[in-house]
**Q** 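Mind having a look at this structure? Questions to follow.
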Protein chains: 2
Amino acid sequence: MKVKIVDVAKEANVSVATVSRVVNNIPLVNEETRERVLAAIKRTGYKPNAIARSLKIQRTNTIGIMIPDITNPYYTEIVRGAEDVCGIYNYNIILTNTDFDPEKERKALNVLIEKQCDGIIYVGKDLSEEMQKELIDAPSEVVLGCIPDNSGFLSGVLINNELAAYELAIEILKMGHRKFLLFFDEVEEGYISQERKKGFLKAFKEQNVEFDASRTLYGKLGLTGGYHMMEQAINSGIDFTCVFCFNDQIALGAIRYAEEQGKKIPADISICGFNNFWIAEWTRPQITTVAQPMYDIGAIATRMLIKMCGKEEQAVKNVFVPHEVIIRGSVAPIES
Amino acid sequence: MKVKIVDVAKEANVSVATVSRVVNNIPLVNEETRERVLAAIKRTGYKPNAIARSLKIQRTNTIGIMIPDITNPYYTEIVRGAEDVCGIYNYNIILTNTDFDPEKERKALNVLIEKQCDGIIYVGKDLSEEMQKELIDAPSEVVLGCIPDNSGFLSGVLINNELAAYELAIEILKMGHRKFLLFFDEVEEGYISQERKKGFLKAFKEQNVEFDASRTLYGKLGLTGGYHMMEQAINSGIDFTCVFCFNDQIALGAIRYAEEQGKKIPADISICGFNNFWIAEWTRPQITTVAQPMYDIGAIATRMLIKMCGKEEQAVKNVFVPHEVIIRGSVAPIES
DNA sequence: CTAAAACAGAAAATCGTTTGCTTTAGCATG
DNA sequence: CATGCTAAAGCAAACGATTTTCTGTTTTAG
């Protein structure tokens, strides 16, 4: 049988209250008694039951993370950041994968609420209206990762995607490129896609670069997606010297197909990724990209969340973390 | 205020017992009453408190995963496999990163036990005696990932590392290579390292290949580790035509350094990895490696665990899952 | 030397469920 | 008519902690 607090109390000849005080380091207990209790705990091998404790104190020291897919290195980093901060404050993480599936999201949120998570981190590329409503109504504190709150009721931690895309484009334009393609996420209307596109278009407009809808290709995220988009691009016969990809995996897939077709990267085609997934500097060519501090996003979101779970009311707000444009070998200036 | 079961009971004019029965789909309740209760639940927005429920029924439907580092794609896959199976059986996952640190491991295990996880999956490259003892004594069910149980009290899901290494070596030997180097994990005495080394040595011995201790280099896992080990190897002036790396990241780092020194891979040096991390087929050259079904290891371990949490006593045992040697461009036959 | 303060520890209520045991009521049976 | 049976629903005792309140014992001050 599992040993519980009364067993320890009997063993030490004190009441359960006293044992509880010792366990929770509350003063008001005689040193000699404390010793006796500690000895009894050691002897019996008592481990407090966190479930019972949580029921009583109405706190679980658990935060739930809703993330599209832990398998995506981009999201993995966020989780690691969150977990590390949790470790510091004695919290734990319940992980759920949502695969961008609204049904899975609803279910996951429900479970996290029922399991009484003190806080919830929602990570995604977008936030549907229904989900937003559910998150606002949730009894737990909520922080969004990678997307902003626009309701005034939640908080978000993210980079400025529009600015990041703009700055990347400007760098590339400086190199003389004028004919661009965008390899984007299937989910066109997603928040992140929209922002990035705005940034690219702003830069194009400023530099009088022609760009129309036919120059954006949509496909699956991931290497295969990038591979196929490049296939489509080359086969379509459209003229381009540089491609902006939604992420580094797509860029890598695109590079692969282009090279298979005998194109030289970056001599014939320049390619940019996004996110600075760690592999980006170990490929050949290395990938030009925009670094997002994923680890920090997870860490900061968690820190905010834990603070919100504490006493004081915390102001809700969007926190923008810095990005960084990283020029590497996958782009080259246009010879003129 | 959060709505609880008594509120629903009042709203529906029934006892809490009846509400509980409706919520848990227990028959014995009149259809008309059930309707009324369901309506009351909807009206009040009642969500059962899983913590209270767990305390009462002594089950949390939660399993804990202890994993070295979620950031390592190898381990990530395991978690995803576990999470997917959990979804099917209405379980959730508490994730902990242990970084191969015994202290973190102890702490994590303790928390998982205190939070009353029904089961625990321990993933690592090795199992210290103390940890083994703690796991055996744990009140939760335990399954090991990637390492076997040798106590008879636990279960494990893993590949046969010795055989895998042996088969890989045999393939390479067939190509005429005779001068090998091993790039291994710093933690020499780890179970997995030992097994793999046994496999390689067995193959070498069978084919009368000379091999001594000086031909194994130890370094950090990861790309940088591989990079430095290759640096060391080349600078040492030792003669070799093929390197077996402990994992694909090391192989990738090694390739990078070799190429920077003007070596052609695989023409000058053949390099093998291990694990078939997904990037392995997207690099140039693609990496010869041994595929471990990481996702399946997580999924199978979880399935076993959940079964063990059920009624019947489950036999403990080690389950060996199939591996696959994958020959790719990073190795080439020796010209003779 | 006594009253009051300070302190240790015990008792008991509570957190939100589940569930074994009753109760109730309607109906059939001997 | 008393009894038994069954279905439906309620009562109340857990589950294992925390914490408020209360009690009894020492100090301490006047």
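Quick caveat: nothing in here was measured; it's all calculated off a predicted structure. Each chain gets a letter, A, B and so on, in the order the sequences are listed, and its residues count up from 1.
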**Q** Are any of the side-chain heavy atoms of B:Val187 and B:Phe100 separated by less than 4.5 Å?
**A**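 SC-SC contact between B:Val187 and B:Phe100 ruled out.
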**Q** Calculate, to the nearest 0.5 Å, the distance between atoms CD and CG belonging to B:Glu105 and B:Leu109 respectively.
**A** 9.0 Å
**Q** Going through the checks in order, is the side chain to side chain donor-acceptor pair (under 3.5 Å) test met by B:Gln194 and B:Asp126?
**A** CA-CA 10 Å; B:Gln194 291 299 313; B:Asp126 198 19; over 6 Å; no
**Q** Without placing hydrogens or testing angles, list every side-chain donor-acceptor pair under 3.5 Å for residues 66-73 of chain B, not counting sequence neighbours.
**A**
from: B:Asp69; atom 1: OD1; to: A:Arg80; atom 2: NE; distance (Å): 3.0
from: B:Asp69; atom 1: OD1; to: B:Thr71; atom 2: N; distance (Å): 2.9
from: B:Asn72; atom 1: OD1; to: B:Tyr74; atom 2: N; distance (Å): 2.9

**Q** Would B:Arg36 and B:Glu32 satisfy salt bridge (Lys or Arg N to Asp or Glu O under 4.0 Å), going step by step from the backbone distance to the final call?
**A** CA-CA 6 Å; B:Arg36 211 166 69 238; B:Glu32 189 262 334; 3.4 Å; yes
**Q** For DNA chain C, note the earliest and the latest nucleotide, 5' to 3', having some atom under 4.0 Å of a heavy atom belonging to chain B.
**A**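 From 5' to 3', the first and last contacting nucleotides are C:dG16 to C:dG20.
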**Q** Just verifying a value: how many Å separate B:Leu95 CG and A:Leu95 CG, rounded to the nearest 0.5 Å?
**A** 6.0 Å
**Q** CG of B:Asp84 to OG1 of B:Thr302: how many Å apart, nearest 0.5 Å?
**A** 9.5 Å
**Q** Is it true that B:Asp118 and B:Thr60 share a donor-acceptor pair across their side chains at a distance under 3.5 Å?
**A**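 On atom types as modelled, these side chains qualify, holding a pair under 3.5 Å.
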**Q** If a protein heavy atom is under 4.0 Å from the base, mark B; if only from the sugar-phosphate, S; if neither, -; do that for nucleotides 7-16 of chain D going 5' to 3'.
**A** -SBBB--BBB
**Q** Can you see which heavy atom on A:Leu305 is nearest to which on A:Ile63, and at what distance?
**A** CD2-CD1, 4.0 Å
**Q** What pairs of donor and acceptor atoms, side-chain ones from residues 41-55 of chain B against any protein atom, are under 3.5 angstrom apart with sequence neighbours left out?
**A**
from: B:Arg43; atom 1: NH1; to: B:Glu11; atom 2: OE2; distance (Å): 2.2
from: B:Thr44; atom 1: OG1; to: B:Ala40; atom 2: O; distance (Å): 2.8
from: B:Thr44; atom 1: OG1; to: B:Ile41; atom 2: O; distance (Å): 3.2
from: B:Asn49; atom 1: OD1; to: B:Ile51; atom 2: N; distance (Å): 2.8
from: B:Asn49; atom 1: OD1; to: B:Ala52; atom 2: N; distance (Å): 3.1
from: B:Arg53; atom 1: NH2; to: B:Asn24; atom 2: OD1; distance (Å): 3.2
from: B:Ser54; atom 1: OG; to: B:Ala50; atom 2: O; distance (Å): 2.9
from: B:Ser54; atom 1: OG; to: B:Arg59; atom 2: O; distance (Å): 2.9

**Q** What bend angle does the helix from C:dC1-D:dG30 to C:dG30-D:dC1 show across its length, from five-pair end axes and to the nearest 10 degrees?
**A** 60°
**Q** Heavy atoms only: give me the nearest B:Cys86-B:Ile93 pair and the separation to one decimal.
**A** SG-CG1, 3.6 Å
**Q** For A:Glu103, is the CD atom crowded, meaning more than 12 foreign heavy atoms sit under 6.0 Å from it?
**A** yes
**Q** Residues from residues 110-119 of chain B sitting under 4.0 Å of DNA chain C, heavy atoms only?
**A**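 Within residues 110-119 of chain B, no residue comes under 4.0 Å of DNA chain C.
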